[in-house]
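Along the sequence shown, the residues carry numbers beginning at 1.
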Amino acid sequence: MEKKTVVIGMSGGVDSSVAACLLKDKGYNVIGATLELLDNYDTKQAIEDAKIICQKIGIPHYIFDLKKEFKEEIIKNFISSYQQGKTPNPCVVCNRLFKFGYFYQKALELGADYIATGHYARIENNHLMMSLADGKDQSYFLCQIKKEILPKILFPLNQFANKEQIRELARKYELPVSEKKDSQEVCFIPNDDYKTFLKKNGQKEIKGKIILTNGTVLGNHTGLFNYTIGQRKGLNISYKEPLYVINLDTENNNL
């Protein structure tokens with residue numbers, strides 16, 4: 001029986017590296033590929049780490065250069081969403097458009113039967129399900145993946161209960177990234193400081209009014225992009241009961 005080909009997204013981290021090893025052990029023809037989304041040190045390091053891992057486990061490695069598309073479809077959308085009074089989740093959009101969109105199309109060009117990632121999630125009966133891993137579920141960030149692609153996706157880490165099991169496997173496979181720290185921030189925002197990022201990209205802190213639903217003015221806000229729907233803390237307003245942000249009125253610059 002001919003081996004099925006799997007193209008796995010290699011981030012240079014421990015999760016995707018172990019996932020690649022598990023797929024190879026199961027008899028798949030495994031191909032590694034890394035999305036080049038940014039022109040910075042972290043991206044270059046991720047590509048180099050992924051390349052080293054692929055060499056070690058004996059699989060080919062490809063780089064998909066999507067920097068232009070990422071800037072247009074993710075970064076610019078992130079900035080414009082805040083300007084419209086929205087609080088975007090760029091990782092959810094990136095997963096749909098890039099990691100399970102562009103990546104899937106390019107994997108097909110390489111002859112893939114499946115694509116795979118090191119995400120913590122499960123697919124059962126063509127439905128995306130929560131991971132079994134304690135505190136490591138990532139299904140929320142994958143919620144917008146097109147349903148027709150689900151049968152073509154493999155999540156090799158779906159049977160593990162915690163991250164330490166993955167690191168133990170990485171040591172067993174003698175992977176140089178076994179102790180590498182997890183990346184948790186939005187990849188294009190340095191130090192996870194989105195406010196500074198937005199200001200550097202043209203967002204101005206224009207003060208406006210903080211208003212109750214009955215029209216009472218309580219004070220001033222520091223710029224609508226500093227707030228989000230449902231926010232309670234950080235309003236710097238003293239009041240007899242808890243206050244929550246329920247609307248960002250961008251037309252009148254009122255909170």
Side-chain angles (χ1 to χ4, degrees), residues 4 6-28 30-35 37 42-43 45-47 49-50 53-54 57 59 64 74 88-104 107 112-173 175-189 192:
K4 294 290 186 179
V6 181
V7 178
I8 180 168
M10 302 289 289
S11 66
V14 62
D15 292 327
S16 59
S17 300
V18 169
C21 292
L22 293 172
L23 289 169
K24 189 177 181 185
D25 284 354
K26 287 183 178 180
Y28 288 103
V30 183
I31 298 172
T34 304
L35 293 178
L37 304 178
D42 288 342
T43 299
Q45 187 62 53
I47 291 173
D49 288 346
I53 293 298
C54 289
I57 65 180
I59 64 173
F64 300 151
I74 301 298
N89 189 323
C91 298
V92 171
V93 181
C94 178
N95 281 325
R96 174 170 57 86
L97 294 180
F98 285 80
K99 294 178 182 177
F100 297 89
Y102 286 118
F103 186 88
Y104 177 66
D113 297 292
Y114 300 100
I115 60 171
T117 69
H119 284 102
Y120 290 83
R122 293 179 294 142
I123 296 174
E124 293 184 5
N125 299 319
N126 204 35
H127 286 83
L128 181 68
M129 309 288 286
M130 291 181 65
S131 168
L132 298 173
D134 181 29
K136 288 295 294 182
D137 174 63
Q138 294 173 309
S139 59
Y140 169 79
F141 295 98
L142 307 175
C143 64
Q144 291 186 4
I145 297 174
K146 293 182 179 179
K147 191 170 184 178
E148 57 266 30
I149 297 177
L150 292 180
K152 298 294 185 179
I153 299 173
L154 301 177
F155 292 127
L157 306 186
N158 65 6
Q159 75 263 36
F160 295 98
N162 58 65
K163 185 59 177 275
E164 185 53 35
Q165 290 178 306
I166 305 302
R167 294 198 183 279
E168 287 177 6
L169 281 172
R171 298 179 195 112
K172 171 190 169 185
Y173 288 120
L175 301 177
V177 295
S178 62
E179 308 307 319
K180 188 174 181 178
K181 293 182 179 180
D182 293 342
S183 176
Q184 308 218 345
E185 295 133 1
V186 176
C187 65
F188 59 88
I189 300 182
D192 205 27

With distance as the sole test, does [X] use its side chain to make a donor-acceptor pair with the main-chain N or O of [Y] at under 3.5 Å?
X: K180; Y: G12; result: yes
X: S16; Y: S11; result: yes
X: D42; Y: Q45; result: no
X: R122; Y: M130; result: yes
X: T34; Y: M10; result: yes

Find out whether [X] and [Y] are in side-chain contact, i.e. whether some heavy atom of one side chain is under 4.5 Å from a heavy atom of the other.
X: N95; Y: Q144; result: no
X: L23; Y: Y114; result: no
X: T117; Y: K99; result: no
X: I153; Y: I145; result: yes
X: L175; Y: I57; result: yes
X: Y102; Y: L35; result: no
X: F155; Y: L128; result: yes
X: K136; Y: I166; result: no

Looking only at heavy atoms, which two atoms of [X] and [Y] are closest? And how far apart?
X: A112; Y: V7; result: CB-CG2, 3.6 Å
X: I115; Y: A107; result: CG2-CB, 3.4 Å
X: P176; Y: I53; result: CD-CD1, 3.6 Å
X: S131; Y: D137; result: N-OD1, 2.7 Å
X: V14; Y: K163; result: CG1-CE, 3.4 Å
X: G32; Y: I59; result: N-CD1, 3.9 Å

To the nearest 0.5 Å, tell me how far [X] [atom1] sits from [Y] [atom2].
X: D15; Y: Y120; atom1: CG; atom2: OH; value: 3.5 Å
X: S178; Y: E168; atom1: OG; atom2: CD; value: 11.0 Å
X: C91; Y: Y140; atom1: SG; atom2: OH; value: 10.0 Å
X: K146; Y: K152; atom1: NZ; atom2: NZ; value: 16.0 Å
X: E148; Y: L150; atom1: CD; atom2: CG; value: 8.5 Å
X: I74; Y: C187; atom1: CD1; atom2: SG; value: 9.0 Å

Test side chain to side chain donor-acceptor pair (under 3.5 Å) on D113 and Y28; report intermediate values, then the result.
CA-CA 10 Å; D113 297 292; Y28 288 103; over 6 Å; no
Aromatic ring centroids of F100 and Y104 under 6.0 Å?
no
Would you call E164 and R171 a salt bridge, taking side-chain N to carboxylate O under 4.0 Å as the test?
yes
Tested for side chain to side chain contact (heavy atoms under 4.5 Å, CB included) against L154, the lone hit among V6, L22, I123 is V6
